[in-house]
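Worksheet: one structure, shown below.
We count ligands from 1, going down the list as the structure has it; atoms in each ligand are counted the same way. Just so you know, these numbers come straight off a predicted model, no measurement behind them.
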Amino acid sequence: MENKKELRTWLDNFGLDHPLVIAGPCSAETEKQVLDIAHQLKDTDATVFRAGIWKPRTRPGNFEGVGALGLKWMQKAKEETGMLTTTEVANANHVDLALKHDIDILWIGARTTVSPFIVQEIADALKGTDKTVLIKNPVNPDLSLWLGAVERFYTADVKNLGVIHRGFSTYEKTRYRNNPEWQVAVDLQNRFPDLPLILDPSHIAGRRDTIFDLCQTALDLNYDGLMVETHHNPDNAWSDAAQQVTPARLVQIMEDLKIRKETDDEAEFNNELNKLRTQIDVIDHQLIEVLGKRMKVSDGIGRLKKSRNVAVLQSKRWNEILGKMILEGEQNNLSEEFVLRMFKAIHQESINHQEKILKGN
Ligand code: PEP
Ligand code: MN
């Protein structure tokens with residue numbers, strides 16, 4: 001796939017002076033719910049109304065969507081509000097039904113992007129369409145798999161494309177439902193700057209109180225749009241209740257977000273600087289988290305040493321670590337002096353942690 005301006009024609013054609021906003025409930029539940037939410041979103045920044053019709057649930061037994069019936073409600077929402085509509089399609093039959101109901105934008109879910117067979121089936125079903133297709137990142141942080149899915153659509157002559165960053169699942173519990181791993185999306189953006197990049201803060205956060213910050217980070221990284229799960233009664237939503245916001249909250253979020261616009265040279269410079277600084281902030285945050293994790297492992301070693309009455313400081317092991325890290329540092333363009341100083345500080349903190357454990361009862 002080449003990086004071509006045509007990839008973003010569909011987005012440019014909206015002529016928006018703010019990022020694209022896609023909003024609506026995780027799932028279509030009832031006709032009234034769909035219409036209520038759509039009407040509340042009608043005069044906001046949201047251009048596109050989203051609702052899941054078929055819901056891929058990780059575990060069976062959760063609400064799996066109302067099915068094709070809900071497409072009629074979306075069609076009605078579109079007629080009544082003039083908003084465009086989008087839903088997730090996960091097989092050729094979904095595509096057929098969505099197209100019959102005049103859905104404007106189709107999105108490929110994270111659990112679908114992982115499967116080249118299904119992605120190909122959907123791409124074949126959409127061959128040559130002028131509908132827009134948005135591809136969510138796969139559940140695992142694999143840039144090739146994500147790009148591969150985009151390429152399958154591009155090769156099937158689907159030229160109105162975009163990607164949605166919804167975070168990556170981890171076995172470990174973190175403060176996010178799905179880890180953002182911003183670097184993966186930023187790499188993709190660097191390779192295909194014209195491919196519209198949209199953030200789905202809802203599925204990254206898993207809770208509504210961190211949605212604003214995620215949106216701001218995305219805008220600072222020059223994302224093109226936001227897809228925010230929005231429900232008139234979030235706490236009683238049939239799926240993903242904790243992460244949905246009300247239409248009123250969405251309006252407030254959009255009002256509070258700092259949206260940077262490139263107007264002249266200086267603005268462009270500031271924009272680029274800001275983007276790089278945000279990348280640094282994201283990485284610094286990861287560094288602190290990783291160091292915290294390292295100290296937790298150190299605590300485990302401390303407890304083990306305590307049970308066997310072994311001394312904290314073991315110079316042989318420490319010298320081995322240092323030698324290895326200096327070599328790895330060299331491969332990563334880090335000077336020996338820097339690696340030495342950094343690891344001395346890390347080692348000291350580690351010793352402090354272990355001594356605290358050994359002294360405790
Ligand atoms: C959704 O958007 O409601 C959804 C199921 O998303 P994902 O594929 O990102 O989990
Ligand atoms: Mn959802």
| message | Check this for me, if you would: do D240 and R57 make a salt bridge, where the nitrogen-to-carboxylate-oxygen distance has to be below 4.0 angstrom? | response | yes
| Between D224 and R8, is there a salt bridge with N-O shorter than 4.0 Å? | yes
| Minimum-distance protein heavy atom relative to atom 4 (C) of ligand 1 | H203 NE2, 3.5 Å
| Does the pair K275/D220 count as a salt bridge with the N-to-O cut at 4.0 Å? | no
| message | Looking at E289 and K293, is there a salt bridge between them, counting it only when a charged N and a carboxylate O are closer than 4.0 Å? | response | no
| request: For the pair K78 and D104, find out whether any cationic side-chain nitrogen is under 4.0 Å from an anionic carboxylate oxygen. | output: yes
| field | Atom CD of E64: over 12 foreign heavy atoms under 6.0 Å | value | yes
| task | May I ask you to decide whether R50 forms a salt bridge with E229, counting only side-chain N to carboxylate O separations under 4.0 Å? | result | yes
| note | heavy-atom search around atom 6 (O) of ligand 1 in the protein gives K136 NZ, 2.9 Å
| field | Close approach, C26 and ligand 1, non-hydrogen under 4.0 angstrom | value | yes
| field | Identity of the N, O or S atom of D240 lying closest to the Mn ion (ligand 2) | value | OD2
| task | Can you pull out the closest protein heavy atom to atom 9 (O) of ligand 1? Residue, atom name and distance to 0.1 Å, please. | result | R166 NE, 2.6 Å
| From CG (L99) to CG (L106), nearest 0.5 Å | 6.0 Å
| said: Please determine whether a side-chain nitrogen of the Lys or Arg among R249 and D209 lies less than 4.0 Å from a carboxylate oxygen of the Asp or Glu. | reply: no
| If you count the atoms of ligand 1 from 1 in the order shown, which ones are under 4.0 Å from a heavy atom of R111? | 7 (P), 8 (O), 10 (O)
| message | Do the side chains of D299 and R303 get close enough for a salt bridge, i.e. N-O under 4.0 angstrom? | response | no
| task | Would you mind running through ligand 1 and noting each atom that sits below 4.0 Å from a heavy atom of E229? | result | 1 (C), 3 (O)
| query | Does an N or O anywhere in D200 fall below 3.5 Å from an N or O of ligand 1? | reply | no
| If you check every N/O/S atom of E229, which is the one nearest the Mn ion (ligand 2)? | OE2
| task | Find all atoms of ligand 1 within a distance of less than 4.0 Å from any non-hydrogen atom belonging to E88, and give their numbers and elements. | result | 5 (C)
| note | So the angle subtended at the Mn ion (ligand 2) by C26 atom SG and H203 atom NE2, rounded to 10 degrees, is 170°
| remark: closest protein heavy atom to atom 8 (O) of ligand 1 is A110 N, 2.9 Å
| task | Please write down residue, atom name and distance for the protein heavy atom closest to atom 3 (O) of ligand 1. | result | K55 NZ, 2.7 Å
| What do you reckon, does R50 have a nitrogen or oxygen under 3.5 Å from a nitrogen or oxygen of ligand 1? | yes
| task | Check whether any N or O atom of D240, backbone or side chain, sits under 3.5 Å from an N or O atom of ligand 1, and answer yes or no. | result | no
| request: May I ask you to list the atoms of ligand 1 that are less than 4.0 angstrom from any heavy atom of G109? | output: 8 (O)
